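The first residue in the sequence is number 1, and the count goes up from there. Please read these numbers as outputs of a predicted model, since none were measured by experiment.
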Amino acid sequence: MKKFALCSLLFALCACGTGNKWADYYGTAPVGDATDLNAPTRGGGTQKTVAVILPDSDLGSSVRTSVQMAFVQRRPEDITVRFTDLSGSADARAAQMESALGQNPDLIIGPIFAEDADTLRRLKPDHTPVLSFTSDATALGDGIMTMSLIPNQSVETIIRRMSAEGRKDIMIFAPDNPSGYIMGNAALDAAKIYGLKTQGFYFYTSGNMDSMKSAAQNATMFDARGKANTRAKEILSDILMNRTLTAAERASVDKQLEERNKSDTIGDLPFDAVLFLGNAGDSKALGSFLRYFDAPARRVKFFGTAMWDTPAMFKDMTFSGASFAALPAISPEFANIYRDITDREPERISPMGYDAAILAIRALHAPQDAGAYLMDPSGFRGLDGLIRLQPNGQSQRALQIMTLDASGTPKIAAPAATNFIRPLYQLSGQNSTRPYEIKVSGGINPMDYLRLPESLHGKYSAKTYRAGTDKNTNNESRITNPEEIVILPEDSSDPVLADPDFQPVELETVTRVLVDEVEVR
């Protein structure tokens, strides 16, 4: 405690920015400027109690430290803080909560996990406000609020950015788990709101390389584009071998064949943006597979959510130029004090604990009921920027857009909002049902990408290759004139018109190498 007292002398943090009872509190005043949590507070006179209920874990310890920092800095003599560690079985944790509630707290900070928040909601008095840290909407409401970022908001923010950048068609990858379902539904809904067309939506098994490789391969129509490329090379080779060409025509066809020999695929992808809804590890693997399967960086840009806000992403060259939505960076002043106290780096949740404690102090010192104060529609500005608490327990947070450049430090592409006068989000609630996958439609016909001599127009044709199927969509693929030389057959079922003078050209093979990431010094 002496160390805390010493730190408080040096501490100069600059702020960065569903019961009827709770619904009645919300919206009773017009939206204006958010309250600065760093502003001085005044004592309320009457003694109050804050119960801090956190798990006995690294995350719990991180939040506990942040709460202690806030109370030591502000030193509210009229507020008593009581800490309770949650550990053991569900029944044991419930008993520990009941013990903390026996002190009749005026406000509660914690817990972190949804299961404990749901238990606390059933045990606490209806009027007691709770500042928890779970992002699971099913555990919120009836006075249980959260300081954490709701996943939907990160998704909507980055999709709004896609639209602002002029992206039109998106591909979405989501982990096949409850989190992926919630974020996937949010992405599909947000895409409709902001005028983007979802060209594909694929699930994958988190951490499973084979699953992620398969999803990337299917999304990029790699097999169909590869077969179309092979067909294009056959056509170009046949023209060079068996057609009479001018010097200019031969040079053009020869250049096209050289280009096709350097590539595994032909044809454009039906999307110009990819949204990753998984964690950093999954996103890095998927991104590498997408580039490997010819999703060109010059046309297809990568986008991510707040789960990219980790150093693991910041030096990956595959994601240079990619953008993601994130909370404001952790304050350097806060991080320095936290390191001095713990000899550890703060967690992403750490400043949320500090803000929760400051918000609790201000709410208990407010002239109105604490619950009414917390429901202020103008919101608050804390270490993690702008936050507004809602009667359903969910929070609204203002996010910024970050851009990666493989330097190790992401750059701010668009700052976070500074008030709620203009609504930040259109999505509300969480949909946890598993959305349907959207398979890539359309196909690739190599003839659309070849520049044949004018004299050969109508002499060659090819089928359209589609993802996931090898069915011939243009009947048989052959030269229009049956007396002309026929290109190699599409498959064993195609008829072969023999020509004793025709010799197939041996095609050049391309060796592909998957590069995950390279560090450039």
Side-chain angles (χ1 to χ4, degrees), residues 135-138 140 146 148-204 215 219 269-279 282-283 286-287 290 300-309 322-327 385-388 390 392-403 413-417 420 422-441:
S135 59
D136 187 340
T138 63
L140 303 175
T146 185
S148 289
L149 172 64
I150 300 298
N152 289 9
Q153 295 168 22
S154 176
V155 174
E156 183 175 350
T157 299
I158 197 61
I159 287 183
R160 184 169 58 234
R161 178 66 179 186
M162 288 181 179
S163 178
E165 288 187 5
R167 303 289 162 172
K168 302 296 183 183
D169 303 284
I170 66 173
M171 172 64 61
I172 302 172
F173 292 98
D176 196 357
N177 57 36
S179 173
Y181 306 157
I182 291 172
M183 298 181 74
N185 282 310
L188 293 171
D189 291 341
K192 293 177 183 177
I193 291 172
Y194 294 99
L196 301 176
K197 185 174 182 180
T198 303
Q199 297 288 359
F201 181 102
Y202 286 87
F203 283 115
Y204 64 88
L269 291 170
F271 53 89
D272 57 9
V274 177
L275 175 59
F276 300 86
L277 299 180
N279 59 34
D282 289 350
S283 297
L286 277 165
L290 286 170
V300 178
K301 182 175 176 178
F302 292 166
F303 295 85
T305 69
M307 284 191 282
W308 281 14
D309 192 8
S323 297
F324 66 99
L327 290 166
L386 198 63
I387 182 173
R388 175 164 65 178
Q390 300 179 284
N392 62 4
Q394 297 185 36
S395 63
Q396 286 191 342
R397 284 191 172 276
L399 303 178
Q400 59 190 11
I401 301 297
M402 308 299 294
T403 298
F420 288 104
R422 189 174 181 178
L424 300 185
Y425 302 107
Q426 299 188 50
L427 295 178
S428 60
Q430 290 184 350
N431 184 353
S432 59
T433 59
R434 189 180 192 271
Y436 290 107
E437 284 193 323
I438 301 173
K439 307 295 185 182
V440 172
S441 60

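Under the 4.5 Å side-chain criterion, counting only non-hydrogen atoms from C-beta, F271 is not in contact with T198. At a threshold of 4.5 Å between non-hydrogen side-chain atoms, the residues L427 and I193 count as touching. The side-chain heavy atoms of I170 and V274, taken from C-beta on, include no pair separated by under 4.5 Å. Between D169 and P270, the closest side-chain pair of non-hydrogen atoms is not below 4.5 Å. The shortest distance between side-chain heavy atoms of I159 and F303 does not fall below 4.5 Å. For the pair V300 and L290, the minimum side-chain heavy-atom distance is 4.5 Å or more. Looking only at side-chain heavy atoms (C-beta outward), M402 and Q400 come within less than 4.5 Å of each other.
The side chain to side chain donor-acceptor pair (under 3.5 Å) search around Q430 returns none, not counting sequence neighbours. Among residues two or more places apart in sequence or in another chain, the side chain to side chain contact (heavy atoms under 4.5 Å, CB included) test is passed with P435 by Y181, N185, L188, F201, F203.
Listed by first then second residue, pairs satisfying ring pair (Phe, Tyr, Trp, His ring centres under 6.0 Å) with a partner in residues 157-180 number zero, not counting sequence neighbours.
Between atom OG1 of residue T157 and atom CD1 of residue I401 there is a gap of 6.0 Å, rounded to the nearest 0.5 Å. How far CD of Q199 is from NZ of K197: 5.0 Å, rounded to the nearest 0.5 Å. Note: K168 NZ to S163 OG = 7.0 Å, rounded to the nearest 0.5 Å. Atom CG of L149 sits about 7.0 Å away from atom OG of S395, to the nearest 0.5 Å. Here the OH-CG distance, from Y204 to L286, works out to 5.5 Å after rounding to the nearest 0.5 Å. Annotation: the span from L275 atom CG to M171 atom CE amounts to 11.0 Å, rounded to 0.5 Å.
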Stepwise side-chain contact (heavy atoms from CB on, under 4.5 Å) check, N392 with L140: CA-CA 7 Å; N392 62 4; L140 303 175; over 6 Å; no
One pair to check against side-chain contact (heavy atoms from CB on, under 4.5 Å): S323 and E165. What are the steps and the verdict? CA-CA 11 Å; S323 297; E165 288 187 5; 4.1 Å; yes
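Between R160 and Y194, the shortest heavy-atom distance links the atoms NH1-OH, 3.3 Å. Between M183 and T305, the shortest heavy-atom distance links the atoms CE-CG2, 3.7 Å. Contact detail for A417 and L424: the closest heavy-atom pair is CB-CD2, 3.6 Å. Of all non-hydrogen atoms in V440 and A219, the two that sit nearest each other are CG2-O, 3.4 Å. Pairing each heavy atom of S283 with each of F276, the nearest pair is OG-CB, 3.4 Å.
Of the possible polar contacts, one joining the Y425 side chain to the R397 backbone as a donor-acceptor pair under 3.5 Å is found. Under the 3.5 Å distance criterion, the side-chain polar atoms of E156 are matched with a main-chain donor or acceptor of Q426. A side-chain donor-acceptor contact under 3.5 Å links R167 to the backbone of D272. Under the 3.5 Å distance criterion, the side-chain polar atoms of S154 are matched with a main-chain donor or acceptor of A306.
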